[in-house]
Amino acid sequence: MVSKAVVSDIRDRLKTRGLRITPQRFAVYGNLLDRTDHPTVDQILEAINEELPIASKASVYTALTVLREVGLVREVLLDEGVTRYDANVQPHHHFVCETCGAIVDLPWDLLGDRLDLSKIPPALDVTSYELTVRGHCGGCDTSELLG
């Protein structure tokens, strides 16, 4: 059960962005705030319908579109053809484990000044960027992969 403080926070965030609070928007946004795994639409739909079967795939898509448009969630494209969603809208990068598929947010400043954008042709105006780092997480046994 979601605490009254969390319910109030979600309502405030939606109202601040001028959104009507529908059960589907509330459920989708609340679900994303409670997750760090960058779920797909199907994963969000399954999770919210486990608790209260109120959503269809179309209503989840609609809620995500509206939440994205007002800046409360963002789309994350880590694999070709797979759109994931994240309620962490602050600039950050991602680490993806190639063994188990875990996705970890990496703080924006973790890479510091190591990324040199000065070599990008001057005709290209960079407005933003995001990196996806791939490897193996500490929870996976990579010794089997290495030998």
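Sequence positions, counted from 1, serve as the residue numbers for this chain. Just so it is clear, the structure is predicted and the values come from calculations on it, not from any experiment.
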Hey, could you give me the CD/OG distance between Q24 and S56, rounded to the nearest 0.5 Å?
-> 7.5 Å
Least distance between heavy atoms, I54 atom then P23 atom | CD1-O, 3.7 Å
Identify the two heavy atoms, one from H136 and one from C97, that lie closest to each other, and give their separation to 0.1 Å.
-> CA-SG, 3.8 Å
Salt bridge R134-D79, side-chain N to carboxylate O under 4.0 Å | yes
So which heavy atom on D37 is nearest to which on R84, and how close?
-> O-NH1, 4.0 Å
For residues V66 and L19, report the shortest heavy-atom separation together with the two atoms involved.
-> CG1-CD2, 3.3 Å
Heavy-atom count around Y61 OH within 6.0 Å, excluding the residue itself: above 12?
-> no
Would you please classify the geometry between the H38 ring and the H92 ring as parallel, tilted or perpendicular, with 30° and 60° separating the classes?
-> tilted
Heavy-atom closest contact (D86 atom, L32 atom, distance) | N-CD2, 4.4 Å
Indicate yes or no for a side-chain donor-acceptor contact from Q43 to the backbone of T40 under 3.5 Å, with no hydrogens or angles considered.
-> yes
In Å, rounded to the nearest 0.5 Å, how long is the span from CZ of F26 to CZ of R13?
-> 11.5 Å
Please confirm whether the backbone N or O of T83 pairs with a side-chain atom of E75, one donor and one acceptor, at under 3.5 Å?
-> no
More than 12 heavy atoms of other groups within 6.0 Å of R20 CZ | no
Got a salt bridge between E130 and R74, using NZ or NE/NH1/NH2 to carboxylate O under 4.0 Å?
-> yes
Any donor and acceptor pair, going by atom type alone, linking the side chain of D105 with main-chain N or O of N88 inside 3.5 Å?
-> no
For the hydrophobic clusters of this structure (ILVMFWY residues joined by side-chain heavy atoms under 4.5 Å, transitively), does one cluster hold both V41 and Y29?
-> yes
Mind listing the closest non-hydrogen atom pair of A55 and N49 along with its distance?
-> O-ND2, 2.9 Å
